[in-house]
Amino acid sequence: MFSIVSHVDTLLNFDSTSNYIFSKNNEGNHVDLVKLRNGEVKIAVFAVFVESKYKPKFALQRTIQLIDRFQILIDNHPELKHIKNYSDIKEIMKSKQIGVILSIEGADGIFDISALRTFFRLGVRMISLTWNQRNHLADGVGEIQANGGLTLLGKKMIKEMNNLKIIIDVSHIAPAGFWDIVKHSESPFIASHSNAKGIFKHKRNLDDKQIKAIAKNGGVIGINFAPFFISNKKKVEINDLIKHIDYIKDLVGIDNICLGTDYDGIDMTPKGLENISKLKNLENKLFENGYQKKEIEKIFYKNSLSFYKKIWS
């Protein structure tokens with residue numbers, strides 16, 4: 001069973017170690033070409049994440065550097081195809097290539113609508129307005145107590161993202177901004193790497209009302225593999241992760257769950273999910289927990305395909 005993964009931070013691997021080579025099996029990293037193949041990953045969303053040390057002054061420069069790094073990966077690896085629309089996805093599903101979608105995690109470098117349009121022309125197809133901090137568009141989850149929503153520019157950004165069919169990602173945004181997006185977006189949106197607060201109360205997880213809003217809107221929730229979003233246990237296992245899937249399924253059904261992972265953006269993983277090549281272990285555990293094949297297919301790829309089709313068709 002192949003899979004679609006809605007968030008990885010693999011573009012940062014080239015900075016974290018001097019000997020990272022994307023085409024080889026790199027020990028200590030979660031994602032590379034070998035692991036993508038072994039994990040039967042068909043599509044992965046590669047995030048441009050601007051580290052805090054670059055914000056706000058050098059956010060634009062760092063964003064461009066990382067987009068260039070993404071493009072170099074595409075240019076140097078014919079096994080990859082840059083997905084920009086649903087026609088590209090249909091081609092990928094018939095080929096042996098792996099599709100990669102370019103996203104921006106935290107839009108600190110998108111200073112106005114002209115910049116948004118320019119990034120669209122560069123192939124960006126998914127954007128979260130914030131990371132954890134406040135920026136010129138909205139508050140991140142680190143600013144929850146301020147109760148700040150979207151700024152005027154943030155609201156304009158949502159409208160133009162709808163027009164351009166850029167996917168809105170609500171992971172990391174503060175609740176007030178989340179509800180502003182619900183109000184102002186005319187398109188479904190994704191929480192690309194977020195879990196259920198009903199299982200583990202963490203500010204990065206989604207409460208029941210948010211989960212229901214995403215489902216009602218036709219969006220999807222990408223399950224995050226970070227242990228500190230899953231449980232407070234010292235050793236988190238796959239079954240602990242599945243509790244979040246169970247919870248969302250019981251709350252809104254199976255059609256709004258996908259794989260987020262957050263690989264290469266997290267330091268630790270549940271036992272058995274040490275990197276993206278291990279996704280088969282999650283599949284097997286879901287079977288053991290009573291999930292039917294058609295349900296697992298939805299989680300692993302069909303729900304994501306349906307979501308992309310809603311946005312891009």
Side-chain angles (χ1 to χ4, degrees), residues 5-13 15-16 30-31 44-67 69-70 101-112 115-116 119 124-151 153-155 157-158 161 166-181 185 189-195 197 202-207 210 214 219 221-229 260-268:
V5 173
S6 64
H7 187 91
V8 299
D9 286 297
T10 303
L11 294 174
L12 296 178
N13 285 350
D15 297 313
S16 61
H30 297 146
V31 180
V45 179
F46 277 44
V48 167
F49 173 67
V50 175
E51 305 94 314
S52 296
K53 65 183 180 181
Y54 294 104
K55 301 174 185 177
K57 188 175 181 180
F58 299 108
L60 174 60
Q61 290 93 323
R62 182 60 170 164
T63 300
I64 292 171
Q65 287 176 346
L66 292 173
I67 290 176
R69 181 175 294 172
F70 174 86
I101 297 171
L102 180 59
S103 75
I104 292 178
E105 181 180 18
D108 298 77
I110 305 179
F111 53 86
D112 68 5
L116 176 69
F119 284 126
V124 173
R125 291 298 182 269
M126 183 185 298
I127 297 173
S128 60
L129 297 191
T130 72
W131 190 58
N132 291 338
Q133 307 103 334
R134 170 180 291 173
N135 64 19
H136 56 299
L137 303 175
D139 280 3
V141 293
E143 297 282 345
I144 286 178
Q145 292 180 333
N147 199 34
L150 299 184
T151 64
L153 179 58
K155 292 174 183 178
M157 199 74 68
I158 292 300
M161 287 172 70
I166 296 174
I167 296 168
I168 299 166
D169 182 1
V170 297
S171 286
H172 286 286
I173 199 164
F178 175 94
W179 292 111
D180 279 345
I181 289 173
S185 178
F189 47 85
I190 186 173
S192 67
H193 53 305
S194 296
N195 293 341
K197 192 172 287 185
H202 189 287
K203 64 183 179 181
R204 269 282 286 109
N205 290 340
L206 302 165
D207 65 29
Q210 290 176 308
I214 292 170
I221 298 165
I223 300 298
N224 195 317
F225 289 7
F228 42 89
F229 297 156
T261 80
D262 206 7
Y263 276 136
D264 287 327
I266 54 180
D267 296 325
M268 301 176 67

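- A heavy-atom distance below 4.5 Å is not found between the side chains of Leu137 and Leu150.
- Using a 4.5 Å heavy-atom threshold, the side chains of Ile181 and Ile173 count as touching.
- In terms of the side-chain contact (heavy atoms from CB on, under 4.5 Å) criterion, residue partners of Ser171 (sequence neighbours excluded) are, by chain and number, Asp169, Ala191, Ser192, His193, Ser194, Arg204.
- Judged as a salt bridge (Lys or Arg N to Asp or Glu O under 4.0 Å), the pairs with a partner in residues 45-58 (not counting sequence neighbours) are, in order, Glu51-Arg62, Lys55-Asp108.
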Open item on the list: Using side chain to side chain contact (heavy atoms under 4.5 Å, CB included), reason through Val50 and Trp131 one step at a time and then give a plain yes or no.
Closed with: CA-CA 9 Å; Val50 175; Trp131 190 58; over 6 Å; no

TODO: Let me see the working for Ile110 and Met157 under side chain to side chain contact (heavy atoms under 4.5 Å, CB included), right down to the final yes or no.
DONE: CA-CA 9 Å; Ile110 305 179; Met157 199 74 68; 3.8 Å; yes

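- Side-chain atoms of Leu102 and Val48, non-hydrogen and from C-beta on, do get closer than 4.5 Å to each other.
- Between the CZ atom in Phe178 and the CG atom in Leu206 there is a gap of 6.5 Å [rounded to 0.5 Å].
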- [ ] Run the numbers on Met126 and Ile104 for side chain to side chain contact (heavy atoms under 4.5 Å, CB included), then give the verdict.
- [x] CA-CA 6 Å; Met126 183 185 298; Ile104 292 178; over 6 Å; no

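- No side-chain donor-acceptor contact under 3.5 Å links Thr130 and Asn135.
- Between Asn13 and Asp264, the side chains place a donor N or O and an acceptor N or O closer than 3.5 Å (distance only, hydrogens not considered).
- Across every non-hydrogen atom of Asp9 and Gly265, the tightest pair is OD2-CA, 3.2 Å.
- Leu60 contributes atom CG, which lies 13.5 Å from atom OH of Tyr54 (distance to the nearest 0.5 angstrom).
- With hydrogens and angles ignored, the 3.5 Å screen pairs no side-chain donor or acceptor of Asn195 with any backbone N or O of Asn205.
- Under the 4.5 Å side-chain criterion, counting only non-hydrogen atoms from C-beta, Met161 is in contact with Ile127.
- At least one side-chain heavy atom of Asp15 sits under 4.5 Å from a side-chain heavy atom of Arg69.
- How far CG of Asn224 is from CD1 of Ile266: 6.0 Å, rounded to the nearest 0.5 Å.
- Every ring pair (Phe, Tyr, Trp, His ring centres under 6.0 Å) that Tyr263 has, sequence neighbours left out, goes to His30, Phe225.
- From Phe70, atom CZ reaches atom CD1 of Ile101 across 9.0 Å, with rounding to the nearest 0.5 Å.
- Nearest approach of Gly260 to Ser6, heavy atoms of both residues: CA-OG, 3.3 Å.
- Ring planes of His202 and Phe228: tilted class, angle from 30 to 60°.
- Annotation: side chain of Ser52 is in contact with side chain of Gln133 (closest heavy-atom distance under 4.5 Å).
- A distance of 7.0 Å separates CZ of Arg125 from CD1 of Ile166, quoted to the nearest 0.5 Å.
- When the side-chain contact (heavy atoms from CB on, under 4.5 Å) test is applied to His136, the partners found at least two apart in sequence or on another chain are Leu153.
- Every residue meeting the side-chain contact (heavy atoms from CB on, under 4.5 Å) condition with Ala146, not counting sequence neighbours, appears here in chain and number order: Arg134, Asp139, Glu143.
- Residue Ser103 holds its OG atom at 11.5 Å from CZ of Phe49, rounded to the nearest 0.5 Å.
- Side-chain contact check for Ile144 versus Pro175: some heavy-atom pair is nearer than 4.5 Å.
- In this structure, the side chains of Ile167 and Phe189 stay at 4.5 Å or more apart for every pair of heavy atoms.
- Taking all atoms of both residues into account, the shortest heavy-atom contact from Gly148 to Ala174 is O-CB, 4.3 Å.
- Ser185 approaches Ile168 most closely through the heavy-atom pair OG-CD1, 3.5 Å.
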Task: Pair His172-Ser128, side chain to side chain contact (heavy atoms under 4.5 Å, CB included): steps then yes or no - done: CA-CA 8 Å; His172 286 286; Ser128 60; 5.5 Å; no

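- By the side-chain contact (heavy atoms from CB on, under 4.5 Å) test, Asn147 is found to be paired with Ala176, residues two or more places apart in sequence or in another chain being considered.
- Between Ala138 and Thr151, the shortest heavy-atom contact is N-CG2, 4.2 Å.
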